[in-house]
Amino acid sequence: MRFIWPLPLYRFLSIIERLELEKNILDCGAGGPQPPLGLFQEYGYETHGIDISKGAIKLSEEFAKKHNMKLNIVEGDMREIPFDDESFSFVFSLNSLCHLTKRDTTRAIGEMMRVLKPEGHLLVDFMSTESSYHGSPSLGKEVGVGEFQYIDDDGVAVLHSFHSEGEPEQYFAGMKIIQTVKTITENLSGPSSTIDVRIEYYSTKQV
Ligand SMILES: C[S@@+](CC[C@H](N)C(=O)[O-])C[C@H]1O[C@@H](n2cnc3c(N)ncnc32)[C@H](O)[C@@H]1O
């Protein structure tokens, strides 16, 4: 069976496929019904993932079993990654850092850098303050600058964080940013249009 994966994954793959580093990769926030690690497994990478949610891990295990994949996704918190220093050539986290406060984002990206090998590559993305969801009442009250939180039906706090232009650069000390990609998606299918703006940062760990 062939899958279609989110575009940032192909952009990352096209960068790392040109490198001569060991093919092992870690996804932080790796769970869900179509776990992104599947793409890298298709290209011969040894994959590892962590996710904080048992439910998301279960969904990824069902996907892996159905498609005969071994993705190695375990329970873990990206603010304290359960792997040794310099374990991975490649690390990524998509659509997941947006659920952390900015203070925790600093911690999580620091952890991703710790487990990266020298010259290893990192991809992370952020939701932009230019998105129409930024400040939307449905995301709850503002608990910090660009940080919104509501309590869901199960009583669990759900946080969304948004970054302004250039703001994420603070997270990349010790890394060299090699590319940023800003995507603007206008969705016109609903009763009123929405704009989703995301910024991807591709970086490498300096020796
Ligand atoms: C919107 S989903 C995205 C899943 C996947 N990255 C994708 O793009 O399909 C966000 C995931 O991040 C996980 N997550 C949130 N906070 C986390 C943390 N501190 N450590 C690890 N995973 C976390 C959630 O459980 C959830 O599975």
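Keep in mind that what you see is a predicted model, and the values were worked out from it rather than measured. Whatever order the structure lists ligands and atoms in, that order sets their numbers, starting from 1. Below, each value reflects all heavy atoms present in this structure, side chains not excepted, and no hydrogens, waters or symmetry copies.
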K.L.:
I'd like to know if E200 and K182 make a salt bridge, using a cut-off of under 4.0 Å between side-chain N and carboxylate O.
P.N.:
no
K.L.:
Consider ligand 1: state whether an atom of it lies below 4.0 angstrom from any non-hydrogen atom of G31.
P.N.:
yes
K.L.:
Heavy-atom count around Y43 OH within 6.0 Å, excluding the residue itself: above 12?
P.N.:
no
K.L.:
As an exercise, identify every atom of ligand 1 less than 4.0 angstrom from a heavy atom of G29.
P.N.:
4 (C), 5 (C), 6 (N), 12 (O), 13 (C), 22 (N)
K.L.:
Between D27 and ligand 1, is there a nitrogen or oxygen pair with a distance under 3.5 Å?
P.N.:
no
K.L.:
Looking only at distances, can you tell me whether any N or O atom of M78, backbone or side chain, sits closer than 3.5 Å to an N or O atom of ligand 1?
P.N.:
yes
K.L.:
For ligand 1, which atoms have a heavy atom of S53 less than 4.0 angstrom away?
P.N.:
25 (O)
K.L.:
Do ligand 1 and Q34 have nitrogen or oxygen atoms that lie under 3.5 Å from each other?
P.N.:
no
K.L.:
Judged on heavy-atom distance to atom 3 (C) of ligand 1, which of I52, L37, N95 sits nearest?
P.N.:
N95
K.L.:
Could you list which atoms of ligand 1 come closer than 4.0 Å to a heavy atom of S96?
P.N.:
3 (C), 6 (N), 10 (C), 11 (C), 12 (O)
K.L.:
Report yes if the side chains of L13 and E42 come closer than 4.5 Å at any heavy-atom pair, otherwise no.
P.N.:
no
K.L.:
Report, in ascending order of atom number, the atoms of ligand 1 lying under 4.0 Å from any heavy atom of D77.
P.N.:
18 (C), 19 (N), 20 (N)
K.L.:
Between E62 and K65 (salt bridge meaning N to carboxylate O under 4.0 Å), is one present in this structure?
P.N.:
no
K.L.:
Any non-hydrogen atom of G76 lying under 4.0 Å from ligand 1?
P.N.:
yes
K.L.:
In Å, rounded to the nearest 0.5 Å, how long is the span from NE2 of H48 to CD1 of I25?
P.N.:
11.0 Å
K.L.:
Of the options W5, Y45, F40, Y201, which is the one that meets F92 in a ring pair (Phe, Tyr, Trp, His ring centres under 6.0 Å)?
P.N.:
F40
K.L.:
Numbering the atoms of ligand 1 from 1, which are under 4.0 Å from a heavy atom of A56?
P.N.:
27 (O)
K.L.:
Side chains of Y171 and T105, heavy atoms from C-beta outward: is any pair under 4.5 Å?
P.N.:
yes
K.L.:
Taking the side chain as everything from C-beta on, heavy atoms only, tell me whether E17 gets closer than 4.5 Å to K23.
P.N.:
yes
K.L.:
Any idea which of G49, P36, G32, S93 brings a heavy atom closest to atom 9 (O) of ligand 1?
P.N.:
P36
K.L.:
Measuring from non-hydrogen atoms of L100 to any atom of ligand 1, is the shortest distance under 4.0 Å?
P.N.:
yes
K.L.:
Name the orientation class of the two ring planes belonging to F148 and H134 (parallel below 30°, tilted from 30 to 60°, perpendicular beyond 60°).
P.N.:
perpendicular
K.L.:
Is the shortest side-chain N to carboxylate O distance from K102 to D104 below 4.0 Å?
P.N.:
no
K.L.:
State whether the shortest distance between N or O atoms of D51 and N or O atoms of ligand 1 falls below 3.5 angstrom.
P.N.:
yes
K.L.:
If we only count N/O pairs under 3.5 Å, is C28 in contact with ligand 1?
P.N.:
no
